[in-house]
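Let me begin by presenting the structure, written as structure tokens, before commenting on it.
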Amino acid sequence: DIQMTINDIPITVPKGMSILDAARTINIDIPTLCYLNLHEMNINNHIASCRVCLVDIEGRRNLAPSCSTPVQNGMVVKTDTPLAIQARRTMVELLLSDHPKSCLTCAKNLDCDLQSLAADLGVRNISYEGEECEFEIDKSSLAIIRDPNKCIRCRRCETMCNEVQTVGVYSAVGRGFETVVKTAFDLPQHDTSCTFCGQCVAVCPTGALMELDQVDKVWKALNDPTRFVVVQTAPAVRVALGEGFGLEPGTIVTGKMVSALRRLGFDRVFDTDFAADVTIMEEASELVHRLKNGGRLPILTSCCPAWVKFFEHQFPDLLDIPSTCKSPHEMLGVLTKSYYAETYGIDPKKITVVSIMPCIAKKYEAARPELGQSQVMPDVDIVITTRELSRMIREAGIHFEHLKDEEFDDLLGESTGASVIFGTTGGVLEAALRTAYEWITGETLEKVEFEALRGMDGIKEAIIPIAGRDYRVAVTHGLGHARYILEKIQTGEAHYDVIEIMACPGGCIGGGGQPYHHGNVELLKARANAIYEEDRSKPLRKSHENPAVLALYKDYIGEPYGERAHQLLHTSFTK
Ligand code: HC1
Ligand code: SF4
């Protein structure tokens, strides 16, 4: 252990800790900008480029960046000397000198790290005259808008994309004021191997990386009297939406969210969770089918569109192993336009399906041509993120915190605890095991919690004995971890039966469309705990017990994994 003082407070901290983290142990927050460190997931932006976290260390001539300077025995650190504070202010002034000043109309207004830092440091003048750049804004993709003019070269996006996701879309080019983070060969984002996971957006401190805003499209549909507008909400949205209204991370707002959506004018409010239960019916059947017929294992979950795009680009030789199930929100879309429409005699062409997702890649997924009946009638018409929904609720002047809880609409609104846990890493596999166990053994599974699959470790593995056979299963989140495990499968070093893969750290709760996680693991844990709490509160916790799902199969689909199920609920992948 190391003994030292920070602002005259003596502390003992472990060797190797940074001064920044040491200060946080005694509730002293040194401002940061480029810093990004998700300790448990081994995510760290080493770059120390912004120099905003400078501190005074006794006996040293220069100020030191606290994020990258390790603690030492006897160190005497001051975080608040006039010199340190002035140096930080200068750094921010330099950043602002060539930054657009259009804060009022910036999509990141009031949610921007640079803006709040300038406010906290009381920057009132910008003493340096920098020249603003004039880069083209990249609007090529259906998911991400990239405005290099707002880039402050912190390179968090680069660390996220290159080291955590191992996709390698970005790199910094140029020197000094001319430096900017760009795609390789300056290609439009759409033409790169970007998976649209949105993790670069989740950690960008400014408005340089944003989701494609589709709120206007939703308002237009809602105000078109000829449209029957249906909305569905993903599992992870209900444990994060409240943050947009000042509620604690991990507050469950399912009922308020439903109420808000009705007030916004949606004709029906459905739950993606219903379709997550359907997904389990299909995926567990597919697993049993592969086991009976000697099909290729492992089976990989296919509900995360960023992960799907990743393996299409990076592992084309493995395209026969993912489950062919569409993702739950796509299933809910197609079921609305078939089962629901036929049951109530509504013309499916008049239905607009809007998905509220924690995810940016779902925007791109909804536009995939195979996910719908021709381009004319996609399964899902518009996708907006959790953040976009909070903006809509605010635009409508709804006092979210004061809303009374309401229930989802019938037919596609009922769900089990198994579907709720889809929203956090390990949940899809746990849900599938709850059903597969009972189907394979014919016995009741008493203990539904699979603890080994829970938590924030990047790769989780377990051996699950079912009816005399040991099933080797794994869960990964973060695409780098997926790559690691898939490469082992390619070389034959590892053998599994089932693997759950999610692109975002923490799974959907850490999605690129959620209130910004800023790389805070505690926040992700609070959301995950809320997901498990919601699961525990449900009277039914196994997908195959959902009465509305059983009715769907009895009245409309027939056998799970049968002919009609294939037509509606399954898809294919492209090299
Ligand atoms: Fe997800 Fe899914 S869990 S992908 O993580 O399978 O986005 O929440 O909606 O579709 O159900 C996201 C979350 C979500 C789908 C489901
Ligand atoms: Fe990389 Fe994901 Fe950002 Fe695409 S969306 S650039 S894959 S981090």
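In what follows, every heavy atom counts, from backbone to side chain, and hydrogens, waters and symmetry copies are set aside. Every number for a ligand or one of its atoms is a count from 1 in the order of the listing.
Annotation: cation-pi geometry satisfied between K108 and Y516 (NZ/CZ under 6.0 angstrom from ring centroid, within 45° of ring axis). Remark: R483 is not positioned above the aromatic ring of F310, lacking an NZ or CZ atom under 6.0 angstrom from the ring centre and at most 45 degrees off the axis. Both tests do not hold together for R146 against Y170: distance to the six-membered ring centre under 6.0 Å, angle to the ring axis within 45°.
In terms of heavy-atom proximity, E330 sits nearest to A366 at OE2-CA, 3.4 Å. Minimum interatomic distance between E286 and S323 (heavy atoms only, all atoms of both residues): OE1-OG, 2.7 Å.
Between F311 and F573, the distance from one ring center to the other falls under 6.0 angstrom. The ring of Y340 has its center closer than 6.0 angstrom to the ring center of F270.
Side-chain contact between R527 and P515: present, with at least one pair of heavy atoms (C-beta onward) separated by less than 4.5 Å. Side-chain atoms of E407 and V258, non-hydrogen and from C-beta on, never get closer than 4.5 Å to each other.
For ligand 1, the atoms sitting less than 4.0 Å from at least one non-hydrogen atom of M357 are 7 (O), 9 (O), numbered in the order shown with element in parentheses. Close approach of ligand 1 to A276 (heavy-atom distance below 4.0 Å) involves ligand atoms 11 (O). Taking a cut-off of under 4.0 Å to the non-hydrogen atoms of C359, the atoms of ligand 1 that pass are 7 (O). Set against the non-hydrogen atoms of S327, the atoms of ligand 1 under 4.0 Å away are 10 (O). Distances below 4.0 Å separate heavy atoms of C303 from the following atoms of ligand 1: 4 (S), 6 (O).
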Q189 vs T183, side chain to side chain donor-acceptor pair (under 3.5 Å): CA-CA, chis, key distance, verdict: CA-CA 7 Å; Q189 194 98 6; T183 59; over 6 Å; no

Audit row: T324, H570, side chain to side chain donor-acceptor pair (under 3.5 Å) steps and yes/no: CA-CA 5 Å; T324 57; H570 289 257; 2.7 Å; yes

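Protein heavy atom in closest approach to atom 16 (C) of ligand 1: P328 CG, 3.4 Å. For atom 1 (Fe) of ligand 1, the nearest protein heavy atom (residue, atom name, distance) is C508 SG, 2.3 Å. The shortest contact between atom 3 (S) of ligand 1 and any protein heavy atom is with F422 O, 3.3 Å. Of the protein's non-hydrogen atoms, the one nearest atom 8 (O) of ligand 1 is A236 N, 2.8 Å. Shortest contact from atom 9 (O) of ligand 1 to any protein heavy atom: A234 CB, 2.9 Å.
Not one N or O of V237 is nearer than 3.5 Å to an N or O of ligand 1, by distance alone.
In this structure, P358 is part of the shell of residues with a heavy atom less than 4.0 angstrom from ligand 1.
Here H329 has heavy atoms under 4.0 Å from ligand 1 in both its backbone and its side chain. At a heavy-atom distance under 4.0 Å, no atom of E330 approaches ligand 1.
More than 12 heavy-atom neighbours from other residues, nucleotides or ligands sit within 6.0 angstrom of CD on Q567.
In this structure, ligand 2 sits under 4.0 Å from heavy atoms belonging to I144, C161, V167, V169, Y170, Q189, C194, T195, F196, C197, G198, C200.
Here CD of E487 is found 10.5 Å from CG of L318. Values are rounded to the nearest 0.5 Å.
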